[in-house]
Chemist: 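One structure, as structure tokens, below. Some questions next.
Just so you know, these numbers use all the heavy atoms, side chains as well, and skip hydrogens, waters and symmetry mates. Just so it is clear: chains get the letters A, B, ... in the order the sequence lines come, proteins before strands, and each one is counted from 1.
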2 protein chains.
Amino acid sequence: MARTPAPGTRRRIMLVASRLFRDHGVRAVGMQQVIDETGLGKSLLYREFPSKDELVAAWLRESDEEWWRIAEDAIDRHTGDPVRRLFALVELTAESARSPGFHGCVFYNTSLEFRDDDHPGRREALAHLRRMRDRLRVLGMEAGAERPDDLADALMLVIGGLYVSAAALGPDGPARVAVSTAETLIREHCPVPAAAGA
Amino acid sequence: MARTPAPGTRRRIMLVASRLFRDHGVRAVGMQQVIDETGLGKSLLYREFPSKDELVAAWLRESDEEWWRIAEDAIDRHTGDPVRRLFALVELTAESARSPGFHGCVFYNTSLEFRDDDHPGRREALAHLRRMRDRLRVLGMEAGAERPDDLADALMLVIGGLYVSAAALGPDGPARVAVSTAETLIREHCPVPAAAGA
DNA sequence: CTGGTCCGGGACCGACCGGTCCAAAAAGCG
DNA sequence: CGCTTTTTGGACCGGTCGGTCCCGGACCAG
């Protein structure tokens with residue numbers, strides 16, 4: 001008998017593919033390149049992922065899961081302060097955009113690379129973006145925003161703008177005011193809880 | 001002798017290339033496709049544009065020029081009202097993002113497709129984005145913003161977010177609050193000119 | 001008509017694309 | 001050891017990429 005169909009294989013592929021897709025974009029990376037950099041065989045990759053499209057989709061699915069693991073953790077560090085919980089999500093994106101070789105949000109980027117709604121990668125990307133929007137809306141509601149939908153969408157704009165402008169013009173571009181801009185918008189949308197005095 | 005090296009040729013190529021690149025992205029469009037849809041010969045295209053990279057760069061250069069023609073015109077429709085002049089630029093981008101097959105800002109998109117700083121297309125794209133930032137800063141200054149740089153960058157975020165989110169989630173996504181968000185930010189940054197009374 | 005210019009577009013180039021197949025090597029097991 | 005299973009990685013498939021070359025026809029001036 002045989003077993004051990006190599007447990008770490010899938011993770012190894014995903015690690016390499018993730019780095020390549022993130023740094024260079026999906027269309028700019030060939031499957032041969034992924035294979036070469038994993039050191040694995042071609043058949044092994046195509047057994048794990050039946051096609052490039054599926055690899056892309058799986059990559060975004062895992063990226064989404066990882067994002068929410070990190071994000072919910074960051075949010076949970078501010079239990080009891082609903083405004084800061086909302087704010088944490090913006091801070092997290094701003095922080096990620098400050099990393100050296102940053103080239104934008106993989107979800108936005110992939111949705112732009114594949115404009116056919118049937119593409120599995122695009123579908124995963126859009127699903128993530130909708131989840132972001134929803135999460136912001138709920139957090140905005142809990143923060144007491146008068147119009148949580150509007151606040152969530154406004155923050156989505158700031159976050160999206162932060163991503164693309166940091167990718168294009170770097171962290172010293174418009175991205176530098178992202179956090180303070182979000183702060184302004186949150187304050188505008190949330191009635192002051194009469195902090196200490198009034 | 002000979003002449004008439006076909007005067008409208010360049011424009012015809014540019015028209016087709018522009019539509020294809022805008023709608024499908026640069027990497028998704030082959031030169032053969034451009035040639036086929038122009039109805040022109042292969043040799044003619046490569047005489048006018050020595051390579052695809054140069055065609056892309058020329059496309060963005062012309063798109064930039066066209067943008068500023070339209071934008072300055074929109075701005076000039078509000079002479080004497082510096083706040084509305086600033087606002088006009090945001091309204092214009094919001095309007096363009098509402099067109100049916102909208103797939104984002106060609107400058108942001110192309111800069112994301114080509115991440116090598118030596119790529120001529122990327123260079124043109126980034127140059128345009130810097131011009132946007134500068135123009136917003138000057139308009140912000142003229143509108144009496146306390147910190148024109150910060151206002152310009154905040155508006156860049158809103159505009160960038162508007163583009164990507166409209167491309168991904170459509171005009172009913174976060175893009176719908178772009179104009180009102182920009183309004184909020186402009187008001188926040190510009191000391192009220194004591195409208196009528198005070 | 002003749003001579004010359006311009007142009008459409010197919011042949012072709014080497015390279016790479018995503019993907020399939022398979023032979024040989026490697027690794028696990030008794 | 002030998003047997004089985006896994007794995008490697010190259011050969012190969014048809015197709016497309018950007019780009020070059022060039023043939024034949026259209027066009028025009030004389």
Chemist: Kindly write out the residues that satisfy salt bridge (Lys or Arg N to Asp or Glu O under 4.0 Å) with A:Asp36, not counting sequence neighbours, or none if the list is empty.
Modeler: none
Chemist: Donor-acceptor pairs under 3.5 angstrom involving side-chain atoms of residues 94-103 of chain A: please list them, not counting sequence neighbours.
Modeler:
{"from": "A:Ser96", "atom 1": "OG", "to": "A:Thr93", "atom 2": "O", "distance (Å)": "2.9"}
{"from": "A:Ser99", "atom 1": "OG", "to": "A:Ser96", "atom 2": "O", "distance (Å)": "2.8"}

Chemist: Grab the CZ-P distance between A:Arg47 and D:dT6 for me, whole Å please.
Modeler: 7 Å
Chemist: Grab the N/O contacts between the protein and nucleotides 16-19 of chain D below 3.5 Å, and write none if there aren't any.
Modeler:
{"from": "D:dG18", "atom 1": "OP1", "to": "B:Lys52", "atom 2": "NZ", "distance (Å)": "2.6"}
{"from": "D:dG18", "atom 1": "OP2", "to": "B:Met31", "atom 2": "N", "distance (Å)": "2.8"}
{"from": "D:dG19", "atom 1": "OP2", "to": "B:Lys52", "atom 2": "N", "distance (Å)": "2.7"}
{"from": "D:dG19", "atom 1": "O6", "to": "B:Lys42", "atom 2": "NZ", "distance (Å)": "2.9"}

Chemist: Who passes salt bridge (Lys or Arg N to Asp or Glu O under 4.0 Å) against A:Arg133, sequence neighbours left out?
Modeler: A:Asp153
Chemist: Rounded off to whole Å, could you give me the CD1-to-C1' distance for the B:Ile13 and C:dG8 pair?
Modeler: 13 Å
Chemist: Rounded to whole angstrom units, what separation is found between the CG atom of A:Leu44 and the C1' atom of D:dT6?
Modeler: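 Value for this atom pair: 8 Å.
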Chemist: What is the separation between atom CG on A:Leu20 and atom C1' on C:dG18, rounded to the nearest whole Å?
Modeler: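 Atom CG in A:Leu20 sits about 16 Å away from atom C1' in C:dG18.
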Chemist: Sorted by first residue and then second, give each ring-ring contact (aromatic ring centres under 6.0 Å, His included) pair with at least one member in residues 23-66 of chain B; sequence neighbours left out.
Modeler: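 Non-adjacent pairs meeting ring-ring contact (aromatic ring centres under 6.0 Å, His included): B:Phe21-B:Trp59.
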Chemist: Hey, can you tell me if A:His128 and A:Trp67 have their rings parallel, tilted or perpendicular (30° and 60° cut-offs)?
Modeler: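 Plane angle over 60°, so perpendicular.
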Chemist: Tell me the interatomic distance from B:Arg10, atom CZ, to C:dC7, atom C1', rounded to whole angstroms.
Modeler: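 From B:Arg10 CZ to C:dC7 C1': 18 Å.
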Chemist: Between B:Ile35 (CD1) and C:dA11 (P), how many Å, whole number?
Modeler: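 B:Ile35 atom CD1 is separated from C:dA11 atom P by 15 Å.
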Chemist: How close or far is atom C1' of C:dC21 from atom CG of A:Leu45, stated in whole angstroms?
Modeler: 16 Å
Chemist: Whole Å only: how far is the CG atom of B:Asp36 from the C1' atom of C:dG9?
Modeler: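 So the two atoms are 9 Å apart, to the nearest Å.
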Chemist: Hey, could you give me each pair passing side chain to side chain donor-acceptor pair (under 3.5 Å) that has a residue in residues 110-123 of chain B? Not counting sequence neighbours.
Modeler: B:Asp53-B:His119, B:Asp117-B:Arg122
